[in-house]
Enquirer: 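To start, I am sharing the structure in question, which I have written as structure tokens.
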Amino acid sequence: MDEMRRDFDWLVSDRMIEQAVDMARLGQSHDSIAQTTGVSSAELDAIRKLRRH
């Protein structure tokens, strides 16, 4: 059961990061992305850096 929970948490986290990337591409604000996805500030900074490439 613990392994299933970890897998589920990983999938949810992965999906939230994908959503944050999409929102960043659309020019959404830092605050909006954080509120919608729960992605941390450090993760958002990395997303914004990657978005430039």
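Heads up: numbering here begins at 1 and tracks the sequence. Because the structure is a prediction, the values reported are computed rather than measured.
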Enquirer: Could you check L26, L44, V21 and say which one makes a side-chain contact (heavy atoms from CB on, under 4.5 Å) with I33?
Expert: L44
Enquirer: Any side-chain heavy atom of D22 sitting closer than 4.5 Å to one from R25?
Expert: yes
Enquirer: Do Q35 and S32 get their side chains close enough for a donor-acceptor pair, meaning under 3.5 Å?
Expert: no
Enquirer: If you round to the nearest 0.5 Å, how far is CG of D31 from OG1 of T36?
Expert: 10.5 Å
Enquirer: Check whether any side-chain heavy atom of S41 sits under 4.5 Å from a side-chain heavy atom of H30, and report yes or no.
Expert: yes
Enquirer: To the nearest 0.5 Å, tell me how far M23 CE sits from E18 CD.
Expert: 14.0 Å
Enquirer: Output the distance between atom CD (Q28) and atom CD (Q19), rounded to the nearest 0.5 Å.
Expert: 10.0 Å
